[in-house]
Number of protein chains: 2
Amino acid sequence: MASADQELGEHAGFDGARARMRLRVPSVAERVAEELRYQLAEGFLVPGAKLTEATIAEDLGVSRNTVREAFAELAAERLLLRQPNKGVFVATLEAGDIHDVYTVRRAIEVSSIRAGGSPERVAAVRAAVDEGKRAAAANDNEGLGSANQHFHGAIVALAESNRLNTIMAQILAEMRLYFHKATLNAHFYSDWLKENEQICSALEAGELERAGDLLLAYLNRSEQQQAAIHGE
Amino acid sequence: MASADQELGEHAGFDGARARMRLRVPSVAERVAEELRYQLAEGFLVPGAKLTEATIAEDLGVSRNTVREAFAELAAERLLLRQPNKGVFVATLEAGDIHDVYTVRRAIEVSSIRAGGSPERVAAVRAAVDEGKRAAAANDNEGLGSANQHFHGAIVALAESNRLNTIMAQILAEMRLYFHKATLNAHFYSDWLKENEQICSALEAGELERAGDLLLAYLNRSEQQQAAIHGE
DNA sequence: ATCTGCTGGATTGTTCAACAATCCAGCGAT
DNA sequence: ATCGCTGGATTGTTGAACAATCCAGCAGAT
């Protein structure tokens with residue numbers, strides 16, 4: 001397998017929850033989209049990079065039309081930016097986008113936590129907190145980051161809304177896209193590790209108002225930090 | 001223009017706000033998606049209906065591949081549902097979806113209005129209220145419906161978030177998809193006409209907390225009504 | 001009569017090759 | 001240095017082809 005011929009691989013497996021009796025064989029276009037999502041999340045494709053149709057088609061061993069179909073999907077998810085007649089590029093988060101993203105997060109995360117949730121969902125939040133602790137103990141930076149994402153994902157999942165979940169998933173995907181810039185400074189994480197703990201405790205205690213306030217405060221501070229890192 | 005040959009038409013013109021110095025000639029795939037969005041909103045394509053690639057390609061005078069690209073986009077927007085190897089269908093809102101949609105609306109609308117907004121944005125909300133009044137006076141049912149959508153769109157626009165705006169636009173598009181079932185009973189509207197007025201007044205007076213509460217109450221009631229109409 | 005299993009036609013999924021339209025880097029003339 | 005041109009590369013779109021899949025209808029078995 002030469003460097004110019006990296007086949008479609010297996011990177012899925014985050015869906016976990018569904019036990020639907022369905023034998024799914026994702027279409028090629030679907031798998032191309034999945035592979036690109038993976039490469040984007042993993043940082044192999046840096047923001048602003050240009051994706052040439054022919055190259056990707058050849059690398060993945062699929063047709064150009066199929067690649068285009070995948071592009072249409074990812075562009076709708078804001079992971080790729082399509083510039084007519086110029087090509088598609090990995091999306092970049094500008095200064096304004098950071099505020100934008102956090103505006104969405106404030107809306108859906110705070111709303112979700114304020115509505116509470118079933119014991120199982122709350123337990124999932126607790127599980128994410130523990131996952132973070134474990135990662136911290138193991139000095140696992142990577143794991144620490146994804147634990148945090150699981151935490152916030154679990155908060156949105158409290159609302160039991162498919163649409164809210166996918167919106168959140170997309171937002172998190174967007175953030176992963178450019179998080180690699182900030183992913184290294186680990187002392188970052190030490191803060192919210194105990195903060196997540198507090199939020200989760202408040203949630204478990206049924207103090208939804210307070211849980212929401214804490215979460216909101218966290219999001220505001222996080223936005224400031226991100227803005228600072230990103231410059232300006 | 002025979003029935004089997006309806007060319008791509010002009011139904012755009014909602015973007016208004018942007019005065020970017022850009023000469024945009026949307027790609028064919030884009031216009032196909034736009035045309036389908038239009039037909040969906042207008043109710044020419046009823047929920048559950050099957051869209052056969054070849055037929056649409058021929059009707060619109062474009063290639064099948066181009067149609068598929070448009071499909072990928074609309075499926076990502078939840079307006080179409082893709083069932084592998086079976087075809088794409090106009091999305092249908094099930095009982096659970098109604099709750100889901102309103103959960104999203106509660107999250108983003110209430111959050112937006114609670115944060116207030118610039119005087120111009122508030123004025124836009126007022127404009128939507130007036131638009132509704134005018135439509136009511138003219139007995140224009142159609143106009144009444146879209147005035148209401150403008151109202152709620154304007155509320156989300158308070159937050160000045162592109163992402164929130166597009167999310168709201170998609171949600172509204174989803175609702176239009178099946179609103180035709182309920183669009184006739186006009187006494188429906190008489191309620192929220194004065195309610196919008198109240199919400200808007202509270203917003204203008206800076207009583208954001210109260211505005212949010214009113215809006216929330218409206219959304220809850222509206223969800224119930226919709227659920228009742230949709231049966232069970 | 002109902003169920004089973006097959007079959008053929010229709011539709012989707014995907015590829016390929018082609019061509020027009022567009023963009024862009026480089027180069028030459030002013 | 002600026003302007004304008006040109007040629008190559010890339011995108012946008014098409015049309016045709018074929019494998020895979022689905023589905024309605026039908027023949028045969030119980």
Side-chain angles (χ1 to χ4, degrees), chain A residues 4-9 12 20-37 45-46 48-76 79-92, chain B residues 4-9 12 20-37 45-46 48-76 79-92:
Chain A
D5 188 288
Q6 42 166 149
E7 294 293 319
L8 297 177
R20 199 70 69 68
M21 206 57 175
R22 179 100 184 105
L23 196 44
R24 291 213 316 146
V25 181
S27 72
V28 175
E30 208 69 44
R31 279 184 319 189
V32 169
E34 198 54 49
E35 173 66 22
L36 289 178
R37 266 189 275 262
L45 295 167
V46 299
K50 173 171 183 182
L51 301 189
T52 308
E53 296 179 355
T55 308
I56 297 208
E58 196 168 357
D59 286 358
L60 264 48
V62 301
S63 131
R64 201 153 72 86
N65 280 320
T66 303
V67 172
R68 291 189 117 250
E69 223 174 293
F71 279 175
E73 200 174 315
L74 297 191
L79 293 180
L80 297 183
L81 176 65
R82 222 164 183 172
Q83 257 171 325
N85 286 319
K86 299 185 66 176
V88 312
F89 304 81
V90 179
T92 63
Chain B
D5 189 289
Q6 41 165 151
E7 293 292 319
L8 296 177
R20 202 70 69 70
M21 206 56 175
R22 177 101 183 104
L23 195 44
R24 291 212 317 146
V25 180
S27 73
V28 175
E30 209 68 44
R31 281 185 323 199
V32 170
E34 198 55 48
E35 173 66 22
L36 289 178
R37 267 188 275 260
L45 296 167
V46 300
K50 174 170 182 180
L51 302 189
T52 309
E53 296 180 355
T55 308
I56 297 208
E58 196 168 357
D59 286 359
L60 267 46
V62 302
S63 135
R64 202 155 70 86
N65 280 319
T66 303
V67 172
R68 292 189 117 252
E69 220 173 298
F71 280 175
E73 200 174 315
L74 297 191
L79 293 180
L80 298 183
L81 176 64
R82 223 163 183 174
Q83 255 170 327
N85 286 318
K86 300 184 65 176
V88 311
F89 303 81
V90 179
T92 64

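Every chain is numbered from 1 and lettered A, B, ... according to where its sequence line falls, protein lines coming before strand lines. Quick caveat, the model's predicted, so the values are computed rather than measured.
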Between [atom2] of [N] and [atom1] of [X], the distance in whole Å:
| X | N | atom1 | atom2 | result |
| --- | --- | --- | --- | --- |
| B:N65 | C:dT12 | CG | P | 13 Å |
| A:E73 | C:dG13 | CD | P | 12 Å |
| B:F89 | C:dT11 | CZ | C1' | 11 Å |
| A:E53 | C:dA17 | CD | C1' | 15 Å |
| A:R31 | C:dT14 | CZ | P | 8 Å |
| A:E30 | C:dT14 | CD | P | 9 Å |
| A:R68 | C:dT14 | CZ | P | 16 Å |
| B:N85 | C:dG13 | CG | C1' | 7 Å |

*Under-4.0 Å salt bridge between B:E69 and A:R82*: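 Judged by the 4.0 Å cut-off on N to carboxylate O distance, B:E69 and A:R82 do form a salt bridge.
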
*Salt bridge check: are A:R37 and A:E34 linked by an N-O gap of less than 4.0 Å?*
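A salt bridge links A:R37 with A:E34.
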
Looking at [X], I'd like to know whether one of its side-chain N or O atoms comes within less than 4.0 Å of OP1 or OP2 on [N].
| X | N | answer |
| --- | --- | --- |
| A:K86 | C:dC24 | yes |
| B:T66 | D:dG12 | no |
| A:S27 | C:dT12 | no |

_I need the B:E58 CD to B:T52 OG1 distance, nearest 0.5 Å._
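One gets 11.5 Å once the value is rounded to the nearest 0.5 Å.
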
_For the CG atom of A:L36 and the CD atom of A:E73, what is their distance to the nearest 0.5 Å?_
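Interatomic distance, A:L36 CG to A:E73 CD, rounded to 0.5 Å: 10.0 Å.
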
_Pick the closest DNA chain D nucleotide for B:R64 and for B:V67 by heavy atoms, then say which residue is nearer the 5' end._
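Result of the comparison: B:V67.
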
